[in-house]
Amino acid sequence: MSQSQVHDDKNLNKVDPNWRSDALNLELDYGMQTIAVRAGQHRTDEGEHSEAIFTTSSYVYESAADAAAHFNGDKTGNVYSRHTNPSVRTFERRLAALENGERAVATASGMGAILTMCLAYLKAGDHLLAANQLFGSSIGLFNNYMAKFGVEVSYVDCFDNEAWAKAVQPNTKVIYCESPSNPLAQICDIGYLSQLCKANDILLVVDNCFATPALQRPLDLGADVVIHSATKYLDGQGRVLGGALVGNDKLMQEAFTVVRSGGISMSPFNAWVFTKGLETLKLRMQAHCQNANQVAEFLVNHPNVSAVHFSGLSDHPAHELVTRQHHMKGGYGAIMGFEVKASNSADSKAAAWHVIDSTQMVSITNNLGDAKTTITHPATTTHFRLTPEARAEAGVNDSLIRLSVGLEDVEDIIKDLARGLDSL
């Protein structure tokens with residue numbers, strides 16, 4: 001919107017001066033790194049170079065009539081920081097630009113974004129079709145709460161296109177997947193799922209947390225909504241919690257209404273942290289991926305590792321697919337699962353715990369997407385609330401270790417993993 005439109009009294013939906021046009025003209029053909037550094041900012045009259053943090057709960061109006069115009073929609077502007085905050089809006093606009101989406105809606109956490117998706121696009125009597133290979137909390141949300149309110153939920157193998165097609169029902173409203181998935185970094189054929197959804201009037205929702213727009217843009221591949229746990233790579237340093245949805249204006253308005261009414265809101269400070277994190281996202285992801293590729297090669301050649309789940313390996317069943325879907329050359333993400341060898345199945349957990357406990361530098365924590373390499377045992381942490389049967393369907397066994405490869409010197413990461421693997 002031009003400056004003349006901002007001050008045009010004849011414009012029926014007048015815009016508050018604080019809602020000025022983007023500091024970067026997105027109609028020009030800028031590259032991803034330029035967008036990551038500059039998009040979304042709206043400078044104030046102070047002329048600040050870095051993005052400001054608006055730690056305010058509410059806003060002051062020129063008159064009672066001006067306040068009424070903001071609240072009833074006659075004037076577009078800030079109303080209340082539960083749903084309109086300049087710092088949050090900067091993050092939303094920058095992320096939307098990076099994902100090639102029309103709009104983003106920020107939430108308090110990644111799970112908050114998934115809950116917002118459910119509340120916005122599903123109702124009692126609808127069917128949610130999801131991949132088996134999901135974060136444990138996502139499965140818990142679907143099974144324990146969405147099912148409680150009358151949403152039917154079923155699961156299929158994420159890589160089995162025939163199973164997806166067979167599982168579609170007349171009341172299927174959303175297909176949901178992670179690609180890459182947690183914790184095995186498995187890949188969905190997003191293009192195929194998009195065609196399936198369009199043929200059946202279904203929304204395709206893709207969790208892009210592990211790849212980020214630096215590696216993959218699901219909207220470009222035909223997805224309708226992208227989900228992020230911004231807590232992970234969008235921040236990149238394990239500092240704050242947040243989530244987001246990205247899509248077209250219509251779908252995001254429905255999500256925004258849920259956030260506005262339900263209070264699943266991102267704080268201004270967290271939004272500022274994420275905005276600064278986006279500036280280095282592409283550079284960090286390049287470095288993460290380079291390290292991960294080398295760590296995967298080390299693991300696949302170690303005699304005490306029985307399997308490595310990482311699509312960057314040339315013999316991975318989805319290697320060719322992910323090479324097409326990820327636009328960064330050599331970028332397969334930095335999350336992998338690997339299974340350790342044990343003398344028998346009863347010793348599998350002990351062997352995995354030995355490798356984890358033998359590390360001296362790598363952080364034993366359930367978070368991921370951090371500059372620091374992290375390691376965890378999914379069966380007893382992120383997926384422990386699932387039944388043994390559900391864990392088996394998701395491929396989470398006692399010998400499995402999840403690794404989030406960080407930005408340390410890769411030789412040090414490998415040496416730290418070798419301490420436990422060499423002594424099994």
Side-chain angles (χ1 to χ4, degrees), residues 13 15-16 18-19 40 54-61 64 66-93 95-96 99 101-128 130 137-138 140-153 171 173-174 176 203 205 207 224-231 240-272 274:
N13 190 357
V15 179
D16 189 299
N18 289 324
W19 284 54
F54 289 86
T55 53
T56 182
S57 59
S58 59
Y59 306 90
V60 176
Y61 307 103
D66 185 46
H70 278 81
F71 273 77
N72 68 25
D74 286 345
K75 190 172 185 179
T76 301
N78 298 313
V79 175
Y80 189 62
S81 278
R82 173 160 43 82
H83 53 94
T84 48
N85 178 277
S87 299
V88 176
R89 188 166 61 250
T90 296
F91 166 67
E92 290 173 334
R93 290 181 172 174
L95 179 61
E99 285 282 12
E102 293 178 357
R103 183 178 175 185
V105 174
T107 60
S109 68
M111 288 308 303
I114 298 171
L115 174 61
T116 297
M117 179 275 295
C118 291
L119 296 176
Y121 311 129
L122 293 166
K123 65 182 186 304
D126 288 346
H127 174 232
L128 168 66
S137 293
S138 300
L141 172 63
F142 297 158
N143 289 352
N144 299 330
Y145 295 98
M146 298 316 299
K148 174 182 176 181
F149 291 106
V151 174
E152 184 181 351
V153 184
N171 61 334
K173 299 301 179 184
V174 170
Y176 182 89
L203 289 180
V205 181
D207 186 321
D224 297 294
V225 177
V226 170
I227 294 281
H228 279 286
S229 173
T231 310
V240 293
L241 296 177
L245 306 89
V246 188
N248 64 36
D249 282 328
K250 181 179 182 298
L251 290 173
M252 290 305 100
Q253 181 59 32
E254 295 177 48
F256 169 77
T257 302
V258 172
V259 172
R260 181 183 65 194
S261 301
I264 315 169
S265 312
M266 179 179 285
S267 76
F269 177 77
N270 289 13
W272 179 83
F274 292 131

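Between H127 and V174, the closest side-chain pair of non-hydrogen atoms is not below 4.5 Å. You'll find the side chain of L128 stays beyond 4.5 Å of the side chain of K173, heavy atoms only.
Looking at N171, its side chain does come within 3.5 Å of a backbone N or O of G125 through a donor-acceptor pair. T231 contributes a side-chain N or O that, together with a main-chain N or O of G242, makes up a donor-acceptor pair within less than 3.5 Å.
When the side-chain hydrogen bond (donor to acceptor under 3.5 Å, both in side chains) test is applied to H83, no partner is found at least two apart in sequence or on another chain. Listed by chain and number, the residues in a side-chain hydrogen bond (donor to acceptor under 3.5 Å, both in side chains) with D224 amount to none (sequence neighbours excluded). Residues passing the side-chain contact (heavy atoms from CB on, under 4.5 Å) test with T55, sequence neighbours excluded: I53. Residues passing the side-chain hydrogen bond (donor to acceptor under 3.5 Å, both in side chains) test with N270, sequence neighbours excluded: S267. Checked against side-chain contact (heavy atoms from CB on, under 4.5 Å), D249 has the following partners two or more places apart in sequence or in another chain: E102, R103. For E99, the side-chain hydrogen bond (donor to acceptor under 3.5 Å, both in side chains) partners at least two apart in sequence or on another chain are N208, H228. With sequence neighbours excluded, the residues satisfying salt bridge (Lys or Arg N to Asp or Glu O under 4.0 Å) with E254 are K250.
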Side chain to side chain contact (heavy atoms under 4.5 Å, CB included) evaluation trace for V226 with L245: CA-CA 6 Å; V226 170; L245 306 89; over 6 Å; no
Show the numbers, then the answer: is there a side chain to side chain contact (heavy atoms under 4.5 Å, CB included) between I227 and Y176? CA-CA 10 Å; I227 294 281; Y176 182 89; 4.2 Å; yes
Report the C-alpha separation of L95 and V246 in whole Å, then their side-chain angles, then the decisive distance to 0.1 Å, and conclude whether the side chain to side chain contact (heavy atoms under 4.5 Å, CB included) test is met. CA-CA 8 Å; L95 179 61; V246 188; 4.0 Å; yes
With side chain to side chain contact (heavy atoms under 4.5 Å, CB included) as the criterion, how do W272 and F54 come out once you've worked through the C-alpha distance, each side chain's angles and the decisive distance to 0.1 Å? CA-CA 9 Å; W272 179 83; F54 289 86; over 6 Å; no
When the side chains of residues 255-266 are checked against the rest of the protein, which donor-acceptor pairs come out under 3.5 Å, sequence neighbours left out?
| residue | atom | partner | partner atom | Å |
| --- | --- | --- | --- | --- |
| T257 | OG1 | Q253 | O | 2.9 |
| S261 | OG | T257 | O | 3.0 |
| S265 | OG | R82 | O | 2.7 |

Please tabulate, one pair per line, all N/O donor-acceptor pairs under 3.5 Å involving side-chain atoms of residues 145-153, not counting sequence neighbours.
| residue | atom | partner | partner atom | Å |
| --- | --- | --- | --- | --- |
| E152 | OE1 | Q169 | NE2 | 3.3 |
| E152 | OE2 | Q169 | NE2 | 3.4 |

For residues 113-124, dump all side-chain donor-acceptor pairs below 3.5 Å to protein atoms at least two apart in sequence or in another chain.
| residue | atom | partner | partner atom | Å |
| --- | --- | --- | --- | --- |
| T116 | OG1 | G112 | O | 2.8 |
| Y121 | OH | L251 | O | 2.7 |
| K123 | NZ | D126 | OD1 | 3.3 |

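We find the OG-CG distance between S138 and D207 to be 6.5 Å, quoted to the nearest 0.5 Å.
Residues P268 and S87 come closest through the heavy atom pair O-CB, 3.7 Å. Nearest heavy atom pair, residue F91 against residue A271, reads CB-O, 3.8 Å.
Using modelled atom types and a 3.5 Å distance limit, the side chains of T84 and Y59 yield no donor-acceptor pair.
In this structure, F71 and Y61 have perpendicular ring planes: the angle between them is above 60°, well past the 30° mark.
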